[in-house]
There are 2 protein chains.
Amino acid sequence: MNVGIKDVARVAAVSPATVSRVLAGRPVDPDMRDRVMAAVHETGYRPNLAARRLRSRHTNTIGLIVADIRNPFFTAVSRTVEAIAYDRGLRVIFCNTDEDAAKEAMYLQLMQEERVTGVILAPTREGADRIAHVESDFPIVLIDRAAPNASCDSVVIDNAAMAAKLVVHLHRLGHRRIAGLFGTDTVTGRERCDGYRRAMEECGIPGQVVPVPHEREQAQRVIAALLEDASRRPSALVVSNSVMLQSVLRVADALELEIPRDLALTSFDNEPWMEFVGGGLSVIEQPVEEIGRTAVTMLMDRLDHADCVTRRVVLAGRFIARGSGGRGVEA
Amino acid sequence: MNVGIKDVARVAAVSPATVSRVLAGRPVDPDMRDRVMAAVHETGYRPNLAARRLRSRHTNTIGLIVADIRNPFFTAVSRTVEAIAYDRGLRVIFCNTDEDAAKEAMYLQLMQEERVTGVILAPTREGADRIAHVESDFPIVLIDRAAPNASCDSVVIDNAAMAAKLVVHLHRLGHRRIAGLFGTDTVTGRERCDGYRRAMEECGIPGQVVPVPHEREQAQRVIAALLEDASRRPSALVVSNSVMLQSVLRVADALELEIPRDLALTSFDNEPWMEFVGGGLSVIEQPVEEIGRTAVTMLMDRLDHADCVTRRVVLAGRFIARGSGGRGVEA
DNA sequence: AAAACCACAGAGAACGTTTTCCCTGCTAGG
DNA sequence: CCTAGCAGGGAAAACGTTCTCTGTGGTTTT
């Protein structure tokens, strides 16, 4: 039998209500407070969070639903969200959908049942569409993937502008055959693709967009098809994220292409190892901590201002030039 | 006001108890079952998990506490644990301690308050020591880091043997000055260090153990000190994990060392990018899915057999030879 | 000095379930 | 035909808190 608030109350010779007040930090006679605290330590009392949440009707819990935890971008954001949330006394329920809309729906349902305070969500494409129609009991902040007309608050980076930056970089280096590899399933992919297309147009060179599926085997097949014919091979690539980049590297390795001589690579996301392949890759670094922090802040803010208009925070990425393009950082 | 089980009961014209029974899948007249299900859909009822947990006294929740989610090894294990747990109808509370024993203690306390069913834990060194003395209300399964005499169930890999494998590999390639870089704060680091030491002895060459702190800046300073003096520089390294390896690469890059010509690298963990640096790195791949799966299984098993003796599962790693050492896999 | 107020403690309801207990009606066995 | 047994449904307690309401003692205000 576990020790409850009533046991503490008996030991401290006060009422359960008083124990509750002490624990909640409400004003209580110092004498009693000491007695209660002593009793808490003596009994080894630990509050039962289920009971607390049931009665108080707030769970102090946020859900964090990401599409792919193996993607270091999401790992990094998750870490930040977790750290900040716990700082603010919020618990985090962590969910990984693996880009599966059904799993995502299941998790959103679970969030309802948990009666979470709010949710931070990187939706699948279908999920993003559905969110617009469904109304949930809790506020949602979308991260990374959010259509400009989304019906929720969102925090994203300026994907189009950043993709353009990569194109311009490659163009300056003299590349004229620049292919763009983008995910088929996400808003983010489409935005980056748009930015790529427009930049290619402005540079006056024809774009070649390659839609890449999320699943690795399939992705590698698509990429192989793009690269294996030397005569039609692009000289440079804009790649949509670090996971896709790994598929590119594997295929390039199999085809014995040397980076960047046979193929110049640029990508979104900045992982430490990118410094060390192909003489250093030029990339767009996303402000992962700031994304996480902003998301939590927006969520908290939304709780206080339930019917404030929908807000969209667009953060800038950071272009990092490496390798043949010269070292350095450029905002 | 949210819809509760009573509302459903009223709509279906049955008692709340019956609704509860239907939802729990207990035997109920088919007619009533249909009425209840209809009412559930009509009202949009979602069970309140807090209430359910409070009353039923089981939370169907496991805690997963890892030391560093940025370490891809833990990311991979977490993903597996999450997937398997949800398959079995268990919720996962995910916690990241950042190698901070205080945070770890705080989280373990939280697990108590959540009344979790069990915990899977990759402890800090201090945590591992403390676990031995503390008695908790729930079973704990240690992963990755567990002293052989641990008082909990544990699932680990054969660190010493795997470290030895790396040493032997390098020795066969002709290396005689092989330094070993190991974490200072974990059982795992010490085990790998022991294996390294013994293997070096057996090869008849003097070992050079370099204790590397977890924090990146400090780690890089230590590594720089090891590598900067060309005359005393080892020709090969055994590195304890992929995070540490990144520090090594950064330092090597700054010192303009070419891998593997100036410095051969081998490491624990197998990340996709390791194929592409220094012509491919030879590594020990850990069976991450199996670790996760085994941990969950052991935890569940322990619930049924509370006073079964402590079990320790030791899994084999997989040696993957790449680069100058030749391609291929060897058990 | 009386009235009004304030601060704080205790009693008991309430949160939304599951579970226990009892009651009913049906079936089977003598 | 009567009774024992059984299956399933309803009433109400229980889970461990917080919250509301009331009461009391002391302080301020008029």
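The chains referred to below are lettered A, B, ... by the order of the sequence lines, with proteins before strands, and numbering in each begins at 1. Scope of the values below: all heavy atoms of this structure, side chains included, with no hydrogens, waters or symmetry mates.
- Proximity of B/Ser20 to the phosphate of C/dT18: a side-chain N or O atom is located under 4.0 Å from OP1 or OP2.
- Aromatic ring pairs are classed by plane angle as parallel below 30°, tilted from 30° to 60° and perpendicular above 60°; the pair B/Phe94 and A/Phe94 is tilted.
- Between the side chain of B/Arg55 and the base of C/dT18, at least one donor-acceptor pair of N or O atoms lies under 3.5 Å.
- Distance from the side chain of B/Ala51 is smallest for C/dG16 among the nucleotides D/dT18, C/dG10, C/dG16.
- Side-chain atoms of B/Thr18 and B/Ser15 form a donor-acceptor pair, as typed in the model, at a separation below 3.5 Å.
- Across C/dG12, C/dT17, C/dC15, the shortest atom-to-atom separation from the side chain of A/Arg57 is found for C/dC15.
- Note on A/Ser56: every side-chain N or O is 4.0 Å or more away from OP1 and OP2 of C/dC15.
- With B/Glu113 as the fixed residue, the salt bridge (charged side-chain N to carboxylate O under 4.0 Å, His left out) test singles out one of A/Arg53, A/Arg91, A/Arg46, A/Arg52: A/Arg46.
- Side-chain nitrogen and oxygen atoms of B/Arg53 include none within less than 4.0 Å of the OP1 or OP2 phosphate oxygen of C/dT18.
- Distances shorter than 4.0 Å separate some side-chain N or O of A/Thr18 from OP1 or OP2 on C/dG10.
- Between B/Arg26 and C/dT18, a side-chain N or O to OP1/OP2 separation shorter than 4.0 Å is absent.
- Of the two residues contacting DNA chain D, namely A/Ala24 and B/Asp29, the nearest-nucleotide position lying further toward the 5' end is that of B/Asp29.
- At a cut-off of 3.5 Å, with distance as the only test, no side-chain donor of A/Glu99 or A/Thr124 sits close to an acceptor on the other residue.
- Interface remark: the A/Arg21 side chain does form a donor-acceptor pair with the C/dG10 base, using a distance-only criterion of under 3.5 Å.
- Looking at heavy-atom distances under 4.0 Å, B/Arg46 makes contact with sugar-phosphate atoms alone, never a base.
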